[in-house]
Amino acid sequence: MELEVRQNTDLEQFEARVEEKLTYIEYKLAAGNRIFLTHTEVPTALEGKGIGSALVGKVLAQVKENGWQLVPLCPFVASYIRKHPEWKKLIAKGINI
C-alpha cells in the first residue's frame, strides 16, 4: 500500500490520509536522539486493510533516515517490528520488545 506520510511537528504525529480519514502515529522526541512511538490510530472504517502496517513501515523508514534511536512504546509498532526483524536495528540500546 502506498501512503503519503507527513510529520506534523505541532501535534507530534506522523499522519496519512486514507479515504479522507486521518490515520497517525503519535511520537515524542527526547534527548539522546531518541524517538518514542507512543500510539497508532487507524479509524475503524479502515481497519483490516493493512493501513496500520503500511503507516508503521513508512514511519520506521523516516526514523532510519533521521538517525533516531527508536523506543517503540506502542504495542502495534512493537508487534510490527517483531514480525519484521529487519527494523530491530533501529531500537535504542537497552530496549527490548
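Residue numbers count from 1 along this sequence.
Annotation: salt bridge (charged side-chain N to carboxylate O under 4.0 Å, His left out) contacts involving residues 24-44, sequence neighbours excluded, comprise Glu12-Lys28.
Of all non-hydrogen atoms in Leu37 and Tyr27, the two that sit nearest each other are CD2-CB, 3.8 Å. For Leu3 against Lys58, the heavy-atom pair with the smallest separation is O-CE, 3.3 Å.
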side-chain contact (heavy atoms from CB on, under 4.5 Å), that's the test. Do Ile25 and Val5 meet it? Break it down for me. CA-CA 10 Å; Ile25 296 177; Val5 176; over 6 Å; no
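By the side chain to side chain contact (heavy atoms under 4.5 Å, CB included) test, Thr44 is found to be paired with Glu47, residues two or more places apart in sequence or in another chain being considered. Applying the side-chain hydrogen bond (donor to acceptor under 3.5 Å, both in side chains) criterion to Asn33, with sequence neighbours excluded, gives no partner residue.
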Got a list of side-chain donor-acceptor pairs under 3.5 Å for residues 83-96, not counting sequence neighbours?
from, atom 1, to, atom 2, distance (Å)
His84, ND1, Tyr80, O, 3.0
Lys89, NZ, Glu86, O, 3.2

Show which side-chain atoms of residues 62-78 pair as donor or acceptor with protein atoms under 3.5 Å away, not counting sequence neighbours.
from, atom 1, to, atom 2, distance (Å)
Asn66, ND2, Gln62, O, 2.9

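The structure places CD1 of Ile51 at 7.0 Å from OG1 of Thr23, a figure rounded to the nearest 0.5 Å. For the atom pair CG (Asn8) and CD (Glu15), the distance works out to 4.0 Å, reported to the nearest 0.5 Å.
In this structure, Val59 is a member of the same hydrophobic cluster as Leu29, with clusters built from ILVMFWY side-chain heavy atoms closer than 4.5 Å.
Clustering of Ile, Leu, Val, Met, Phe, Trp and Tyr side chains at separations under 4.5 Å places Leu22 together with Tyr24.
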